[in-house]
Amino acid sequence: MFYIALILLIFFLDLKVKEYIEENKEMHKSEEILNGKIILERYHNKGAMLNFLEHNVHLVKIISLSLFGILLLFFAFLLPKKDNRILKLALSFILGGALSNIYDRVKKGYVVDYFSFKFLRKVVFNISDICIFIGSFIIALLSFFRKE
């Protein structure tokens with residue numbers, strides 16, 4: 001139950017932040033917070049990561065939905081098992097983030113991104129992107145330290 005709650009928490013948290021950004025921030029107008037370390041900026045990403053395939057929105061939707069479905073099936077298979085807690089945690093981060101971004105893609109035709117880091121100003125993220133990165137990083141660490 002914890003893992004499903006985490007997926008839903010990520011989804012609804014990012015959904016609410018995206019709604020706030022859409023209603024209160026102008027497109028491409030940046031605002032620095034935390035002494036300029038984080039930049040808030042409303043941005044619509046029609047493509048995949050870094051606007052990859054931005055001119056083929058339909059293909060991005062198909063790929064996103066397909067990968068989400070595969071991960072969801074794997075997660076559903078893994079969920080009732082008692083072991084693999086860290087892998088389930090990682091998949092929960094990925095699925096929560098992916099669900100929020102897919103929701104945007106299907107409902108709006110783009111994903112709402114809204115912050116960047118001072119050292120990486122050209123790339124705009126959202127909470128879901130960070131969660132997907134965290135989950136992927138955990139899985140990479142698991143595979144690196146996996147016992148043979």
Side-chain angles (χ1 to χ4, degrees), residues 1-31 33 38-81 83-146:
M1 194 65 172
F2 166 78
Y3 303 107
I4 294 170
L6 180 59
I7 291 168
L8 293 174
L9 175 68
I10 292 166
F11 173 77
F12 285 114
L13 175 65
D14 196 41
L15 181 68
K16 289 300 175 190
V17 173
K18 287 174 179 177
E19 285 175 1
Y20 173 82
I21 294 294
E22 288 279 80
E23 293 171 5
N24 296 292
K25 300 292 178 190
E26 293 180 41
M27 284 291 286
H28 306 296
K29 185 173 182 185
S30 55
E31 171 189 343
I33 61 172
I38 295 180
I39 296 99
L40 294 180
E41 178 181 356
R42 181 174 156 201
Y43 182 79
H44 294 166
N45 182 357
K46 293 183 179 178
M49 184 177 69
L50 301 174
N51 281 329
F52 181 67
L53 293 173
E54 70 179 315
H55 299 295
N56 198 338
V57 176
H58 184 70
L59 180 60
V60 172
K61 275 186 202 176
I62 290 170
I63 292 169
S64 298
L65 285 166
S66 300
L67 291 174
F68 180 78
I70 291 166
L71 277 178
L72 189 60
L73 285 172
F74 180 64
F75 181 73
F77 170 77
L78 203 60
L79 196 56
K81 299 182 186 285
D83 54 353
N84 295 314
R85 286 189 193 117
I86 296 174
L87 180 56
K88 287 188 246 185
L89 178 68
L91 288 171
S92 297
F93 274 102
I94 294 170
L95 288 169
L99 183 61
S100 179
N101 283 345
I102 288 170
Y103 177 83
D104 273 5
R105 270 187 217 297
V106 171
K107 185 172 184 192
K108 300 174 183 175
Y110 56 85
V111 173
V112 178
D113 289 330
Y114 47 81
F115 76 90
S116 58
F117 299 103
K118 183 178 184 177
F119 64 89
L120 197 61
R121 192 174 179 110
K122 299 250 185 233
V123 183
V124 186
F125 302 93
N126 58 42
I127 291 171
S128 291
D129 296 336
I130 299 302
C131 290
I132 292 167
F133 174 79
I134 290 169
S136 300
F137 184 75
I138 291 169
I139 289 172
L141 283 177
L142 281 175
S143 65
F144 183 74
F145 291 109
R146 188 179 79 197

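Not measured: the values here are computed from a predicted model.
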*Asks:* How close do S92 and Y3 get, counting heavy atoms only, and between which atoms?
*Replies:* OG-CB, 3.2 Å

*Asks:* Quick one: are L40 and I33 in side-chain contact, heavy atoms under 4.5 Å?
*Replies:* yes

*Asks:* Say you draw a straight line from CG of L15 to NZ of K107; how long is it, rounded to the nearest 0.5 Å?
*Replies:* 7.5 Å

*Asks:* Applying salt bridge (Lys or Arg N to Asp or Glu O under 4.0 Å), name anything that partners K88, two or more places apart in sequence or on another chain.
*Replies:* none

*Asks:* Run the side-chain contact (heavy atoms from CB on, under 4.5 Å) test against F74 and tell me which residues pass, sequence neighbours left out.
*Replies:* L78, L87, L91

*Asks:* What's the shortest heavy-atom distance between I10 and G96, and which atoms?
*Replies:* CG2-C, 3.5 Å

*Asks:* Once rounded to the nearest 0.5 Å, what's the spacing between atom CG of L95 and atom CD1 of I4?
*Replies:* 10.5 Å

*Asks:* Looking at residues at least two apart in the chain, or sitting in another chain, which of them share a side-chain contact (heavy atoms from CB on, under 4.5 Å) with L73?
*Replies:* none

*Asks:* Main chain of N126, side chain of D129: is a donor-acceptor contact present, judged purely on distance under 3.5 Å?
*Replies:* yes

*Asks:* For a quick test of reading the model, state the closest non-hydrogen atom pair linking S116 to V124 and the distance between them.
*Replies:* CB-CA, 4.3 Å

*Asks:* Residues in side-chain contact (heavy atoms from CB on, under 4.5 Å) with M27, at least two apart?
*Replies:* R42, H44

*Asks:* Can you tell which of I132, I134, I127 makes a side chain to side chain contact (heavy atoms under 4.5 Å, CB included) with I130?
*Replies:* I134

*Asks:* Please report the closest heavy-atom contact between A90 and I138, naming both atoms and the distance.
*Replies:* CB-CG2, 3.6 Å

*Asks:* Suppose the criterion is side chain to side chain donor-acceptor pair (under 3.5 Å): which pairs have a residue in residues 4-17, not counting sequence neighbours?
*Replies:* D14-K18, D14-S100, D14-Y114, D14-S128, K16-E19

*Asks:* Tell me whether the count of non-hydrogen atoms from other residues, nucleotides or ligands lying under 6.0 Å of CG in L67 goes above 12.
*Replies:* yes

*Asks:* Please round to the nearest 0.5 Å and tell me the distance separating atom CG of L71 and atom CG of L99.
*Replies:* 12.0 Å

*Asks:* If every non-hydrogen atom of I94 is compared with every non-hydrogen atom of S136, which pair is closest and at what distance?
*Replies:* CD1-N, 3.7 Å

*Asks:* What pairs with Y103 under ring-ring contact (aromatic ring centres under 6.0 Å, His included), at least two apart in sequence or on another chain?
*Replies:* F11

*Asks:* With sequence neighbours left out, what residues match F75 under ring-ring contact (aromatic ring centres under 6.0 Å, His included)?
*Replies:* none

*Asks:* Please report the shortest heavy-atom distance between F117 and I39, naming the atom on each side.
*Replies:* C-CD1, 4.0 Å

*Asks:* To the nearest 0.5 Å, tell me how far D113 CG sits from N101 CG.
*Replies:* 7.0 Å

*Asks:* For the atom pair SG (C131) and CG (L6), what is the distance rounded to the nearest 0.5 Å?
*Replies:* 7.5 Å

*Asks:* For L141, enumerate each residue passing the side-chain contact (heavy atoms from CB on, under 4.5 Å) test, keeping only those at least two apart in sequence or located in another chain.
*Replies:* F137, F145

